[in-house]
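The chains referred to below are lettered A, B, ... by the order of the sequence lines, with proteins before strands, and numbering in each begins at 1. Only this structure's heavy atoms are used, side chains among them; waters, hydrogens and symmetry mates stay out.
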Amino acid sequence: MEKLIVIDGNSIANRAFYAMPPLTNSSGLHTNAVFGFTTMLLKLIEEEKPTHLLVAFDAGKVTFRHAEYEQYKGGRAKTPSELSEQFPLLRELLTACGISHFELNGYEADDIIGTLTRIADEQKKQVMVVSGDKDMLQLASDQVTIALTRKGVTEIEAYDPAQIQEKYGLSPEQIIDLKGLMGDTSDNIPGVPGVGEKTALKLLHQYGTVENVLASVGELKGKMKENMETHADSARMSKELATIFREVPLEQSWDDLKFEGISTGQALPFFRKMEFKSLIDRVAAMDPSGGAGSEVDMEPAAPLNLVVVEAGNVSELDAKLSEVEVFHVEVVGENPHQSDVIGVVFRTFDTSYYVPFELLKSEEAAALRSWIADGEVPKRGYDLHKIDLALHWKGVAFEGAAFDVSLSAYLLDPTDSNMSLDGLAAKYGLSSVKSDDEVYGKGAKFKVPALSMLSEHVGRKAMAIQEIMKKQQAELEDVEMHQLYYELELPLSKVLADMEKQGIAVNVGDLRDLGKEFEAIINTLVTNIYQLAGTEFNINSPKQLGEILFDKLGLPVMKKTKTGYSTDAEVLEKLEPYHDIVKQILHYRSIAKLQSTYVEGLLKEVRQETGKVHTYYRQTIAATGRLSSQFPNLQNIPIRLEEGRKIRKVFVPSEPGWSILAADYSQIELRVLAHISQDEKLIEAFVHNMDIHTKTAMDVFGVPAEAVDANMRRQAKAVNFGIVYGISDYGLSQNLNITRKDAAKFIEQYFAVFQGVRKYMDDIVKEARKNGYVTTLLERRRYLPEINASNFNLRSFAERTAMNTPIQGTAADIIKLAMVKMEERLQTEQLKSRMLLQVHDELVFEVPEDELEIMKELVPEVMAAALKLDVPLQADVSYGANWYEAK
DNA sequence: CCCTTCACG
DNA sequence: ACGTACGTGAAGGGA
């Protein structure tokens with residue numbers, strides 16, 4: 001028995017869009033409507049087993065109904081761009097699944113469906129119509145059932161004429177009359193005012209049709225009679241508009257709609273592009289041709305040539321070393337300073353040689369180790385920076401990073417950079433790499449599998465790296481990030497690894513003493529707080545604290561979070577006048593933070609043997625191109641408040657008599673802004689080396705320098721910050737605690753003076769809209785898929801990001817350049833000084849006594865010369881016995 | 001594992 | 001009408 005399913009494409013796409021949470025694939029493509037549509041489609045195919053399938057779409061904007069009634073579908077909200085951009089994808093999906101789909105000029109999907117069901121009625125063929133639109137019920141017949149979506153998209157309810165009768169007491173044809181009377185706000189069909197579903201049903205049960213109701217209008221009473229009389233024409237027209245046209249000139253024959261099942265060979269590439277992982281298996285199982293694991297899933301079923309090297313056989317690999325293309329080291333653990341190394345793979349053109357780490361460490365593998373240590377031998381792999389560190393702590397030297405697919409993935413798209421290798425492989429259509437979680441298990445279940453499985457996994461990784469690499473090299477050229485990659489990021493990864501291995505010395509004794517001081521303060525504060533609260537509770541729990549402050553003590557609620565009362569510092573500061581406890585809590589919070597994060601946290605990270613901490617700079621995390629720092633984070637050591645700043649005293653040189661020297665860029669982001677915006681006023685301010693916040697205050701307030709007081713300067717400073725962040729009046733008003741109006745006034749005054757900055761802000765947003773991304777001076781790129789979103793919040797966020805990223809990102813480019821150049825100079829000048837830390841605009845060194853004079857000139861000189869801008873770059877240097885003194 | 005808070009640039 | 005400043009990481013609480 002043949003069975004046709006016709007899907008109302010626009011209706012189901014809309015349902016799917018609103019039923020699914022927002023969903024994007026890693027390249028930022030919105031996919032939720034496609035996903036919802038697909039799940040519905042698969043379910044229908046599985047459950048209904050259609051022999052014929054069609055998805056009908058609406059065509060264009062104007063249909064014959066507009067000729068009858070101009071306002072047809074008027075006043076309807078514009079389709080959000082997140083949805084409209086998914087229609088081409090839907091068509092791609094259908095084509096890939098071998099499902100016929102079309103639209104017809106001047107008609108809506110309804111009319112195509114109406115025509116098909118009429119033909120089915122005549123030829124006695126079975127049809128199921130799937131839609132979210134009740135109007136379709138008018139098409140029901142013995143041959144035709146109408147399936148309407150209920151909740152979401154996958155739940156549908158099928159109606160035949162009997163069920164329609166049961167639910168509405170109407171025949172399918174009368175559905176048209178129903179709409180004639182009640183109208184339809186979503187299509188802007190007027191109907192009769194005052195008549196809703198209840199009244200309309202009552203009238204139709206009595207009179208049968210619109211025409212009969214109108215003919216019998218004399219029997220009606222009151223307001224309803226009046227409405228019916230004055231809007232008789234409207235009722236007739238509404239009925240006509242609601243009538244589905246069933247005589248569309250279709251070119252397609254019944255046989256054209258034949259559905260032969262989904263062929264995975266065609267469909268899976270599309271599913272991969274969409275990143276519909278959960279659906280891939282489902283589709284694979286549905287392939288009628290496939291069955292016995294037709295491996296279309298993998299790119300040419302990629303067999304792995306794997307050699308597990310064993311003791312006694314290493315010389316075989318030695319002979320192949322000159323042919324090695326990819327070097328991979330299997331590292332387990334997040335922190336590469338204390339990770340386990342399981343094994344390594346040397347991959348030639350066609351073979352992965354797996355060497356267990358134990359074997360690599362043995363006498364027999366000396367040649368392998370010298371190969372790894374030889375900087376002249378180029379290494380290509382995944383996350384070589386981490387590998388370098390992990391090997392280092394296991395006593396194996398690594399040199400010669402030449403291509404790193406994780407670093408390259410980061411440059412190609414920094415927002416999905418923490419890409420695991422299996423994710424990256426999937427992205428490039430090589431689904432042969434399992435995830436580490438799958439192979440090892442996660443959390444407490446972690447377990448290294450048997451050698452056969454392990455070597456297969458690791459061997460496949462190396463193979464995937466080889467494939468990915470080829471594609472990335474071409475991509476890097478395409479997007480002109482070749483230079484950024486080879487001349488900056490890759491050399492930098494080595495610089496970072498050296499800094500990290502070096503570490504910075506911590507005076508553990510002093511840190512413990514500081515901890516004792518903090519402990520004493522905390523004890524006093526806790527006692528006070530319990531007494532003022534009249535009870536003991538966990539001050540660290542925002543929930544419990546909120547209950548004390550707002551329920552027990554009755555303080556006014558200033559702000560709520562999604563889980564309850566907000567108790568952050570901003571709220572507490574406003575509450576200070578109401579109760580003495582608040583000040584104590586604020587103080588407690590600040591000291592408790594220092595104690596847990598900076599005293600206890602830091603102590604946990606100090607290496608017993610050396611008394612040093614070794615941070616791990618992550619080069620592939622920040623969307624702007626900045627570094628991040630972990631285990632411990634040394635980029636957020638306190639400085640703003642004196643109590644916390646003392647923490648810096650425990651960071652000391654690792655050798656007696658040496659000093660800590662720190663140099664930081666002065667206003668690097670505003671200087672970058674001056675350069676890229678070419679704003680005359682801003683450039684002038686920096687060329688004359690003026691105090692930029694004071695200068696901003698002078699210009700914004702229109703006063704001479706001597707009239708700028710501390711408060712004016714503070715406000716100007718906030719405006720400058722706001723500018724860099726992609727200013728909004730709301731954000732500035734929050735920061736300065738002023739009204740939004742006043743904030744807007746400041747911004748307007750700023751832009752009136754710094755017109756080049758205004759132009760930059762306008763232009764960069766336009767550029768982002770046009771290209772879909774923004775770039776830094778060194779061509780680092782960040783995609784902003786939400787720049788054209790219809791959602792105000794998402795779009796605004798993307799706009800601010802468009803303004804901020806070129807500034808923050810260029811500043812990051814500059815200090816990275818400075819780091820690479822600085823390391824070169826230390827080498828060429830044969831200095832013993834060492835670069836230890838980077839804190840976004842600051843570099844920290846340890847310097848022997850006899851190099852102090854040189855370094856305090858050299859460091860700022862190299863930093864200032866890192867990149868030539870149209871304004872001078874300036875770095876200020878200072879030094880002392882510890883990081884605190886170097887201020 | 002997510003939320004809240006807070007440290008830095 | 002909408003309701004946020006840009007970029008990070010760590011700790012503690014609580015489901």
Side-chain angles (χ1 to χ4, degrees), chain A residues 334 414-415 418 442-443 537-546 559-572 585-586 588-602 604-605 615-618 621-641 643-645 647-648 664-665 667-669 673 718-736 740 743 747 774 782 789-809 811-812 815 837-843:
Chain A
E334 287 281 289
T415 49
N418 39 343
K442 46 180 174 185
F537 64 103
N538 187 345
I539 313 171
N540 292 326
S541 161
K543 185 162 178 268
Q544 294 183 33
L545 179 61
K559 192 164 70 166
K560 288 212 156 204
T561 67
K562 53 182 142 179
T563 50
Y565 304 121
S566 173
T567 67
D568 65 21
E570 190 195 325
V571 168
L572 295 182
I585 291 167
L586 275 167
Y588 169 86
R589 277 255 179 94
S590 68
I591 305 297
K593 172 85 177 183
L594 297 175
Q595 185 75 313
S596 66
T597 304
Y598 298 103
V599 176
E600 291 164 1
L602 207 52
K604 276 184 230 154
E605 297 290 345
T615 190
Y616 173 39
Y617 287 109
R618 300 209 55 188
I621 296 294
T624 53
R626 276 190 175 184
L627 300 176
S628 88
S629 157
Q630 281 180 307
F631 316 130
N633 181 353
L634 294 182
Q635 291 183 319
N636 70 347
I637 303 301
I639 189 166
R640 292 172 191 169
L641 301 173
E643 265 173 326
R645 192 174 194 156
I647 299 280
R648 294 187 171 226
D664 67 307
Y665 279 113
Q667 303 297 349
I668 186 164
E669 293 190 337
L673 174 62
V719 173
N720 279 330
F721 268 91
I723 293 293
V724 169
Y725 291 156
I727 199 150
S728 73
D729 50 9
Y730 183 86
L732 183 65
S733 73
Q734 288 290 297
N735 190 282
L736 282 178
R740 235 173 84 173
I747 294 169
V774 291
R782 178 174 182 179
S790 61
N791 179 304
F792 174 88
N793 277 330
L794 293 179
R795 192 178 59 247
S796 303
F797 189 26
E799 287 168 359
R800 292 195 298 273
T801 310
M803 299 184 230
N804 171 263
T805 294
I807 302 172
Q808 189 181 123
I815 194 162
L837 303 176
Q838 187 252 43
V839 194
H840 309 306
D841 67 352
E842 174 187 17
L843 295 176

Can you list the residues that meet the side chain to side chain donor-acceptor pair (under 3.5 Å) rule with [X], with sequence neighbours excluded?
X	value
A:Glu600	none
A:Asn735	none
A:Tyr617	none
A:Tyr598	A:Asn636

Side-chain donor-acceptor contacts of residues 791-798 of chain A below 3.5 Å, not counting sequence neighbours, with atom names and distances?
residue, atom, partner, partner atom, Å
A:Asn791, OD1, A:Asn793, N, 2.8
A:Asn791, OD1, A:Leu794, N, 3.1
A:Arg795, NH1, A:Ala789, O, 2.9
A:Arg795, NH1, A:Ser790, O, 3.3
A:Ser796, OG, A:Phe792, O, 2.7

Could you check whether [X] gets within reach of a base, just the sugar-phosphate, or nothing at all, counting any heavy atom under 4.0 Å?
X	value
A:Ala811	nothing
A:Ile639	sugar-phosphate
A:Asp568	sugar-phosphate
A:Ser566	sugar-phosphate
A:Ala569	sugar-phosphate
A:Asn538	sugar-phosphate
A:Val839	sugar-phosphate
A:Arg589	sugar-phosphate

Please list residues of residues 628-638 of chain A whose heavy atoms come under 4.0 Å from any atom in DNA chain B, ordered by number; otherwise none.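 DNA chain B contact set from residues 628-638 of chain A: A:Gln635, A:Asn636, A:Ile637, A:Pro638.
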Which sits closer to the 5' end of DNA chain C, A:Arg740 or A:Thr801, going by the nucleotide each is nearest to?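 Looking at DNA chain C, the more 5' nearest nucleotide goes with A:Arg740.
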[X]: what forms a side chain to side chain contact (heavy atoms under 4.5 Å, CB included) with it, not counting sequence neighbours?
X	answer
A:Ser541	A:Asn538, A:Lys543, A:Gln544
A:Ala812	A:Arg626
A:Lys560	A:Val557, A:Tyr565

Can you tell me if A:Tyr725 is stacked onto the base of C:dC6, using a 5.5 Å centroid cut-off and an angle below 30°?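 Ring-base stacking flag set for A:Tyr725 and C:dC6.
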Nearest of [options] to any side-chain atom of [X]?
X	options	result
A:Ala718	C:dG12, C:dA15, C:dA5	C:dA5
A:Phe797	C:dC6, C:dA10, C:dG3	C:dC6
A:Ser541	C:dG7, C:dG14, C:dG9	C:dG14

Please report the interatomic distance CG(A:Leu602) to CD1(A:Ile637), rounded to the nearest 0.5 Å.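 That separation rounds to 5.5 Å.
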Side-chain N or O of A:Arg782 less than 4.0 angstrom from OP1 or OP2 on C:dG7?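 Yes, because at least one side-chain N or O of A:Arg782 sits under 4.0 Å from OP1 or OP2 of C:dG7.
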Between C:dG14 and A:Gln544, is there an OP1 or OP2 to side-chain N/O distance shorter than 4.0 Å?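 Yes, because at least one side-chain N or O of A:Gln544 sits under 4.0 Å from OP1 or OP2 of C:dG14.
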Students should find this one: the first and last nucleotides of DNA chain B, 5' to 3', lying under 4.0 Å from a heavy atom of chain A. What are they?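 It runs B:dC3 to B:dG9.
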Under the ring pair (Phe, Tyr, Trp, His ring centres under 6.0 Å) test, residues paired with A:Tyr616 that sit two or more places apart: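 Per chain and number, A:Tyr616 pairs via ring pair (Phe, Tyr, Trp, His ring centres under 6.0 Å) with A:His385.
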According to a 3.5 Å limit on both distances, what stems of 3 or more consecutive Watson-Crick or G-U pairs are formed with DNA chain C?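 DNA chain C stems, ordered by first number: B:1-9 with C:6-14.
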Test side chain to side chain contact (heavy atoms under 4.5 Å, CB included) applied to A:Asp729 and A:Leu732, step by step: CA-CA 5 Å; A:Asp729 50 9; A:Leu732 183 65; 5.9 Å; no
Is a donor-acceptor pair below 3.5 Å formed from side chain A:Arg626 to base C:dT8, judging by atom type as modelled?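 When only heavy-atom distances are counted, A:Arg626 does not reach the base of C:dT8 through any donor-acceptor pair under 3.5 Å.
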